[in-house]
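It should be emphasised that the depicted structure is a prediction, and the values quoted were computed from it without experimental measurement. Residue numbers run from 1 in the order of the sequence given.
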Amino acid sequence: MSQEAPAVSQEIPFEFRGTASEYFGIWIVNILLMILTLGIYSAWAKVRTNRYFYGNTLLEDVPFAYLALPLTILKGWAIAVVALILYSVITNVIPWTAIIFLAVLLVALPWIVIRAMAFRARNSAHRNIRFTFNASYGEAAKVFIGLTLLLPLTLGLIYPYYVFAMNRFLVNHSGYGTTPFHFTASFKDFYRIFFKLSLMLLPFVLLLLAAMYPAYQQYMENARAAQEIEQAMAQEQPMEDQAYGAGQDIPSGEEDAYGVTEDSQSMSEDGQPIASDEALANEDPASSQYQYEAEQSGAAAEYSQEGTLGEEAAQAEVTEQDAIDAGEPPAGEADLEVQYAPWVWLAVGAVSVVFIAGLVFYLFVYAYIKARIQNLVYNSAELAGHRFRSRLRARDLVWLYFSNALAIFLSLGLLIPWAKIRLARYRISKLALLPAGGLAAFVQAEKERINALGEEVGEVFDIDVGV
């Protein structure tokens, strides 16, 4: 069926006349008193807040009324606090009992929903006629236990049907006085909403993936290049380790540059090797003298070269140490930093883009579902021929949610009252009643039926847990 209700000749709009300045006074006092009373005042704060919003919501210039008493709400608050304390203490001592608590909560959930909805309906009124909510535990269990367990088993594919079943349960068991509401939508209408949302999100997801692919490809290429550099550096070995390995001595008995073994060598005072007497006796004097002079000349040249290289190494070491003291990375690390820098910044940019896109994605999805579901539920609700029309737009909610969140953040929370009033004014301004006949005659007839039957008395165990 269509989300739009059939057009009629008369439309009665709902109005909201609350202001941010008035509500700010209520809100700030509630905050201060809740802090001073360690949260006990929250029941009175809720009553004051609801009475303000109900009292400033009007239909035909007649405001709604919130009739709950703070002590009744405090009872539900106390039960919730005691249950939370017991859960925390027992599960810390015996962790496996958390499964038992979750099972008990699941079994109790239908009863909690029924009692909370009955409390809210019975304490809401218009033209001195209270709203009602009547349902059995079995009917609630089919939705809040049966379908809840099926959600993970169907990988969420049953979620649109779950939303449909939950709203049908809440509307069909609600009433105004003695007149019940009827829900005329089908589960196909809810699946249609989520199907359209999927079609709208598909181009967005594909565009995001296409935009991210070049950055991902560049990231992988730079990562592979950096890995190759690290592997090449790890495979390099010093030249002095290639002959015998680092730290190994010359094998015993192996000849050195002087043609003698290590065992037969001796060193002079100036560090030059001296051949043994046997070797000197067998040498030709001329050649020995020539070889000695040549060796001395070569040693001097080698010493000079080593001295030059040593000075250059020492100078390089001092230069590198000065760079480290100045906060600059060593040469090798600087090269790696140059290699890593591009893909690091690409990764940071990619994460930022994904984060911002995720926020936009979530905001749009939430606003779209909120607007379409509320429109469908109100446009499908009927009360003795009287219908409703809701015209929320997703783009309006996106702007409201974004601007409200930004204002609250920049004001450190002081603009919360302004944001709540702004959102309530928009939502109520998009809602209207489409009466099937004279509304005054319907209300008068309902009062007469209530007087004849007697007003229902609330049960002792009615609670308000914010469902």
**Request:** Please answer whether the main-chain N or O of R122 pairs with a side-chain N or O of R130 as donor and acceptor at a distance below 3.5 Å.
**Result:** yes

**Request:** Would you name the heavy atoms of G18 and Y52 that are closest together and state the gap between them?
**Result:** CA-OH, 3.4 Å

**Asked** What do the steps show when you test L106 against L149 for side-chain contact (heavy atoms from CB on, under 4.5 Å), and what is the final call?
**Response** CA-CA 10 Å; L106 184 62; L149 294 176; 3.8 Å; yes

**Prompt:** Is atom CZ of F101 surrounded by more than 12 heavy atoms (other residues, nucleotides or ligands) closer than 6.0 Å?
**Reply:** yes

**Asked** Parallel, tilted or perpendicular for F133 and H173, by the 30°/60° rule?
**Response** tilted

**Request:** Answer yes or no: are there more than 12 heavy-atom neighbours, outside Y378 itself, under 6.0 Å from its atom OH?
**Result:** no

Side-chain donor-acceptor distances from residues 32-42 under 3.5 Å, at least two apart:
from	atom 1	to	atom 2	distance (Å)
T37	OG1	L33	O	2.7
T37	OG1	Y41	N	3.0
S42	OG	G39	O	2.8

**Fill in**
Closest heavy-atom pair, L59 versus P13, reported as atoms and distance to 0.1 Å, is CD1-O, 4.0 Å

**Prompt:** Rounded to the nearest 0.5 Å, how far does CD1 of I90 lie from CD1 of I85?
**Reply:** 11.5 Å

**ring pair (Phe, Tyr, Trp, His ring centres under 6.0 Å) evaluation trace for Y401 with Y366** = CA-CA 10 Å; Y401 291 146; Y366 181 80; 5.5 Å; yes

**Item:** Heavy-atom pair of closest approach, residues A419 and I408
**Value:** CB-CD1, 3.9 Å

**Message:** What's the separation between atom CG in L397 and atom CD in Q374, rounded to the nearest 0.5 Å?
**Reply:** 8.0 Å

**Prompt:** Is any side-chain N of the basic residue among R427 and D396 closer than 4.0 Å to the acidic one's carboxylate O?
**Reply:** no

**Asked** About how many Å separate CG of N56 and CD1 of I421, when rounded to the nearest 0.5 Å?
**Response** 7.0 Å

**Message:** side-chain contact (heavy atoms from CB on, under 4.5 Å) for Y426 and R393? Distances and angles first, verdict last.
**Reply:** CA-CA 10 Å; Y426 171 76; R393 296 191 302 182; 4.0 Å; yes

**Message:** Tell me if a side-chain donor or acceptor on T184 pairs with a main-chain N or O of S380 at a distance below 3.5 Å.
**Reply:** yes

**Prompt:** Do I416 and F24 pass the side-chain contact (heavy atoms from CB on, under 4.5 Å) test, and can you show the C-alpha distance, the side-chain angles, and the key distance before you say yes or no?
**Reply:** CA-CA 8 Å; I416 290 177; F24 181 83; over 6 Å; no

**Item:** P70 versus A43, closest heavy-atom pair with distance
**Value:** O-CB, 3.4 Å

**Message:** Tell me if a side-chain donor or acceptor on T49 pairs with a main-chain N or O of K46 at a distance below 3.5 Å.
**Reply:** no

**Asked** If you draw a 6.0 Å radius around CZ in F402, do more than 12 non-hydrogen atoms from other residues or ligands fall strictly inside?
**Response** no

**Prompt:** Are side-chain heavy atoms of L71 and W44 found at a separation under 4.5 Å?
**Reply:** yes

**Fill in**
In this structure, CZ of R120 is separated from CG of N50 (nearest 0.5 Å) by 7.5 Å

**Asked** So with a 6.0 Å cut-off around NZ of K430, is the heavy-atom count from everything else above 12?
**Response** yes

**Item:** Derivation and outcome, side-chain contact (heavy atoms from CB on, under 4.5 Å), residues E15 and L431
**Value:** CA-CA 9 Å; E15 299 179 65; L431 184 62; over 6 Å; no

**Prompt:** Side chains of I193 and I369: closer than 4.5 Å at any heavy-atom pair?
**Reply:** no

**Request:** Answer whether the closest heavy-atom distance between the side chains of Y159 and F190 falls below 4.5 Å.
**Result:** no

**Asked** Should L105 and Y87 count as side-chain neighbours, where that means a heavy-atom distance under 4.5 Å?
**Response** no

**Asked** About how many Å separate CD1 of I99 and OG1 of T91, when rounded to the nearest 0.5 Å?
**Response** 11.5 Å

**Asked** Is the closest side-chain heavy-atom distance between I26 and E22 below 4.5 Å?
**Response** no

**Item:** E11 side chain near P435 side chain, heavy-atom distance below 4.5 Å
**Value:** no

**Asked** So R48 and N30, side chain to side chain donor-acceptor pair (under 3.5 Å) or not? Walk me through it.
**Response** CA-CA 9 Å; R48 292 185 66 199; N30 288 344; 3.1 Å; yes

**Complete:** All heavy atoms of I114 vs all of A140, minimum pair found to be CD1-CB, 3.7 Å

**Asked** So, H126 side chain and V62 main chain: donor-acceptor pair closer than 3.5 Å or not?
**Response** yes

**Request:** Taking the side chain as every heavy atom from C-beta outward, state whether T132 and S174 have any pair of such atoms under 4.5 Å apart.
**Result:** no

**Message:** For S390, is there any backbone N or O sitting under 3.5 Å from a side-chain donor or acceptor partner on N379?
**Reply:** yes

**Message:** Are F64 and F53, when compared by the centres of their aromatic rings, separated by less than 6.0 Å?
**Reply:** no

**Asked** Where do P152 and T148 come nearest, in terms of heavy atoms and distance?
**Response** CD-O, 3.3 Å

**Prompt:** Which word best sums up how the rings of F131 and Y176 line up, parallel for under 30°, tilted for 30 to 60°, or perpendicular for over 60°?
**Reply:** tilted

**Item:** Heavy-atom side-chain contact between S186 and D189 under 4.5 Å
**Value:** yes

Taking distance alone, no hydrogens or angles, what donor-acceptor pairs closer than 3.5 Å link side-chain atoms of residues 161-172 to residues at least two apart or in another chain?
from	atom 1	to	atom 2	distance (Å)
N167	ND2	V163	O	2.8
N172	OD1	F183	N	2.8
N172	ND2	R168	O	3.4

**Message:** If you count every heavy atom of other residues, nucleotides or ligands that lies below 6.0 Å from R395 atom CZ, does the total exceed 12?
**Reply:** no

**Request:** State the CD1-CD1 distance between I112 and I79, to the nearest 0.5 angstrom.
**Result:** 9.5 Å

